[in-house]
Chemist: 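Sharing a structure, written as structure tokens. Questions coming.
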Amino acid sequence: MKVAYTQMRPVFLEPEVNYSKAEELIRIAADKGAKLVVLPELFDTGYNFRSKEEVEGVAGEIPDGPTTQFLMELSRELGVFIVAGTAEKDEKGRLYNSAVITGPIGRGYIGKYRKIHLFYREKLFFEPGDLGFRVFNIGIAKVGVMICFDWFFPESARTLALKGADIIAHPSNLVMPYAPRAMPIRALENRVYTITANRVGEEFGLRFIGKSTIASPDADVLAMGSEDEEVEVVEVDLSVARNKRLNEMNDVFKDRRPEHYSL
Ligand code: ACM
């Protein structure tokens, strides 16, 4: 199975412009055979909001809002599954830093995740996620979703892996330099593939690092982005992610001793 990240430079508060750019990159990934394409966090709106009103002006409902509808249509047309970060407004007007997963099944909507660990000024605008960590069985794979700063908490990837994820899709807007080094270890300790799709560019003094990363269950870096817009497609072998054995005596899940972990 082929998977991809698209690394892009969203234009702040310009969803239509960002749909066009995302579509161009997703089409390239689909042409190269990718079946799962991961986009950055908040690919539709940009990231560095200055007020809650700015977020309210661009956030949409999931799945009825324009971003999810755009992704559903593209998924159906191209036959690809897409995981993408988007600003969500629920029916009561509450805001979430969310990700949606769409695919060529039925109308195209599969589900959503709301970011659990909010980073820095996100806490001024968004509610913390209330849906838990979720794994979506899309037939060809089980895909867990987490967003950017969730990576700093190893419990995020661990929970997704324990819930059965083969692949962790990780839409991101990274500003600290560490995740490209850390994600291969998240992949290794959980024996899963990870796809971190980061953005590039700058917004009001925040610089995004690019370096999107696809890592294997053996901590190999299968793809690493530059600091510009790009698409990378790699082949993954899910049987590797489904085998949690390290040798004939160690299984990284069965050997866990959770009775010693709780505080
Ligand atoms: C981040 O969570 N966007 C750093």
Side-chain angles (χ1 to χ4, degrees), residues 1-7 36 38-41 83 85 99 113 115-120 129 132-136 141-200 208-227 230 232-258 260-263:
M1 171 183 171
K2 287 187 176 166
V3 302
Y5 65 72
T6 65
Q7 181 168 285
L36 172 67
V38 185
L39 271 62
E41 177 183 13
V83 177
Y113 163 71
K115 187 176 186 178
I116 286 178
H117 302 99
L118 297 175
F119 181 70
Y120 196 47
F133 287 104
R134 305 184 122 182
V135 176
F136 301 95
K142 290 186 183 160
V143 180
V145 181
M146 64 186 204
I147 299 178
C148 203
F149 190 51
D150 282 330
W151 79 265
F152 216 101
F153 304 85
E155 296 87 347
S156 311
R158 175 64 99 203
T159 303
L160 290 169
L162 289 174
K163 286 186 172 183
D166 309 308
I167 300 174
I168 293 178
H170 182 213
S172 293
N173 276 190
L174 297 164
V175 291
M176 298 190 292
Y178 315 116
R181 280 179 271 156
M183 287 308 292
I185 305 306
R186 294 286 172 279
L188 173 70
E189 63 204 5
N190 292 297
R191 308 289 297 156
V192 295
Y193 289 92
T194 61
I195 308 171
T196 300
N198 194 25
R199 62 162 289 176
V200 292
F208 303 93
I209 67 164
K211 295 192 166 65
S212 296
T213 306
I214 303 179
S216 80
D218 293 326
D220 291 324
V221 175
L222 304 180
M224 168 77 70
S226 67
E227 292 178 21
E230 62 180 36
E232 194 71 54
V233 178
V234 305
E235 179 84 35
V236 296
D237 175 358
L238 297 185
S239 69
V240 180
R242 288 172 185 168
N243 178 10
K244 305 301 180 188
R245 293 177 72 83
L246 294 178
N247 55 50
E248 59 282 2
M249 298 180 77
N250 290 111
D251 178 299
V252 291
F253 281 7
K254 292 197 181 118
D255 286 356
R256 295 177 67 247
R257 303 284 308 280
H260 295 291
Y261 303 158
S262 58
L263 289 176

Chemist: Got a sec, which residues hit side-chain contact (heavy atoms from CB on, under 4.5 Å) with Lys2, two or more places apart in sequence or on another chain?
Modeler: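 side-chain contact (heavy atoms from CB on, under 4.5 Å) check on Lys2 returns Val233, Glu235.
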Chemist: Once side-chain contact (heavy atoms from CB on, under 4.5 Å) is applied, do any residues pair with Val240, and if so which ones, sequence neighbours excluded?
Modeler: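 For Val240 the side-chain contact (heavy atoms from CB on, under 4.5 Å) partners, ignoring immediate neighbours, are Arg191, Tyr193, Pro217, Asp237.
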Chemist: Measure across Ile195 and Tyr5 and return the closest heavy-atom pair with its distance rounded to 0.1 Å.
Modeler: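 Closest heavy-atom pair between Ile195 and Tyr5: CG2-CB, 4.0 Å.
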Chemist: In the structure I gave you, are the side-chain heavy atoms of Val3 and Val38 within less than 4.5 Å of one another anywhere?
Modeler: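 When only atoms from C-beta onward are counted, Val38 and Val3 do not touch, as no gap falls below 4.5 Å.
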Chemist: Identify the heavy atoms of Arg245 and Met249 that sit nearest to each other, and give their distance.
Modeler: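 Heavy atoms of Arg245 and Met249 come nearest at NH2-N, 4.3 Å.
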Chemist: List in chain and number order the residues that pass side chain to side chain donor-acceptor pair (under 3.5 Å) with Asp255, two or more places apart in sequence or in another chain; answer none if no residue qualifies.
Modeler: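 For Asp255, the residues satisfying side chain to side chain donor-acceptor pair (under 3.5 Å) (neighbours in sequence not counted) are Asn250.
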Chemist: Could you tell me the separation between the CG atom of Asn198 and the CZ atom of Phe208, rounded to the nearest 0.5 Å?
Modeler: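 One finds 8.5 Å between CG of Asn198 and CZ of Phe208.
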Chemist: Rounded to the nearest 0.5 Å, what's the gap from CE on Met224 to CD on Glu232? Could you check?
Modeler: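 The CE atom of Met224 sits 11.0 Å away from the CD atom of Glu232.
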Chemist: What pair of heavy atoms forms the shortest contact from Met1 to Ala141, and how long is it?
Modeler: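 Nearest pair, atom of Met1 first, then Ala141: SD-CB, 4.0 Å.
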Chemist: Could you check if a side-chain atom of Trp151 sits within less than 4.5 angstrom of a side-chain atom of Tyr178, using non-hydrogen atoms only?
Modeler: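 Trp151 reaches Tyr178 side chain to side chain.
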Chemist: Can you classify the ring geometry of Phe149 versus Phe152 as parallel (below 30°), tilted (30 to 60°) or perpendicular (above 60°)?
Modeler: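 Answer is tilted, since the angle falls between 30° and 60°.
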Chemist: How long is the straight-line distance from CE of Met183 back to OG of Ser212, given to the nearest 0.5 Å?
Modeler: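 The distance works out to 11.5 Å.
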Chemist: Hey, could you give me the CD1/CD1 distance between Ile147 and Ile116, rounded to the nearest 0.5 Å?
Modeler: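 If we round to the nearest 0.5 Å, Ile147:CD1 and Ile116:CD1 are 9.5 Å apart.
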Chemist: Please report the closest heavy-atom contact between Ser216 and Ala187, naming both atoms and the distance.
Modeler: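 Here Ser216 and Ala187 meet closest at O-CB, 3.3 Å.
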Chemist: Step through the shown structure and confirm whether more than 12 heavy atoms of other residues, nucleotides or ligands are within 6.0 Å of OH on Tyr261.
Modeler: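 Correct, the count exceeds 12.
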Chemist: Taking only residues at least two apart or on different chains, which pairs with a member in residues 160-171 satisfy salt bridge (charged side-chain N to carboxylate O under 4.0 Å, His left out)?
Modeler: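 Every pair satisfying salt bridge (charged side-chain N to carboxylate O under 4.0 Å, His left out) with a residue in residues 160-171: Asp166-Arg242.
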Chemist: How close do His117 and Ser156 get, counting heavy atoms only, and between which atoms?
Modeler: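 Scanning both residues completely, I find the closest heavy atoms to be CE1-OG, 3.3 Å.
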Chemist: Measuring from Leu222:CG to Thr194:OG1, what's the distance to the nearest 0.5 Å?
Modeler: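 Leu222 atom CG to Thr194 atom OG1 measures 8.5 Å (nearest 0.5 Å).
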Chemist: What heavy-atom pair brings Met146 and Ala157 nearest, and what distance separates the two atoms?
Modeler: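 Looks like SD-N, 3.9 Å.
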Chemist: Check salt bridge (charged side-chain N to carboxylate O under 4.0 Å, His left out) between Glu227 and all other residues, then give those that pass, not counting sequence neighbours.
Modeler: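 With neighbours one apart ignored, the set is Lys211.
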Chemist: Hey, could you give me the CZ/CZ distance between Arg158 and Arg256, rounded to the nearest 0.5 Å?
Modeler: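 It is 5.0 Å, given to the nearest 0.5 Å.
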Chemist: Do Asp150 and Tyr113 have side chains that get closer than 4.5 Å, going by heavy atoms?
Modeler: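 Side chain of Asp150 against side chain of Tyr113, heavy atoms only: contact under 4.5 Å found.
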Chemist: Output a table of donor-acceptor pairs, distance under 3.5 Å, between side-chain atoms of residues 168-175 and any protein atom two or more places apart or on a different chain; print 'none' if there are none.
Modeler:
from   : atom 1 : to     : atom 2 : distance (Å)
His170 : ND1    : Thr196 : OG1    : 2.9
His170 : NE2    : Cys148 : N      : 3.3
His170 : NE2    : Cys148 : O      : 2.9
His170 : NE2    : Ser172 : OG     : 3.4
Ser172 : OG     : His170 : O      : 3.1
Asn173 : ND2    : Glu41  : O      : 2.9

Chemist: Measure from the side-chain N and O atoms of Lys142 to the backbone N and O of Ala161, and report whether any donor-acceptor pair falls under 3.5 Å.
Modeler: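 No, because the side chain of Lys142 does not come within donor-acceptor range (under 3.5 Å) of the backbone of Ala161.
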Chemist: Is the backbone of Val192 close enough, under 3.5 Å, to the side chain of Arg186 for a donor and an acceptor to pair up by distance?
Modeler: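 Side chain of Arg186 to backbone of Val192: no pair is present.
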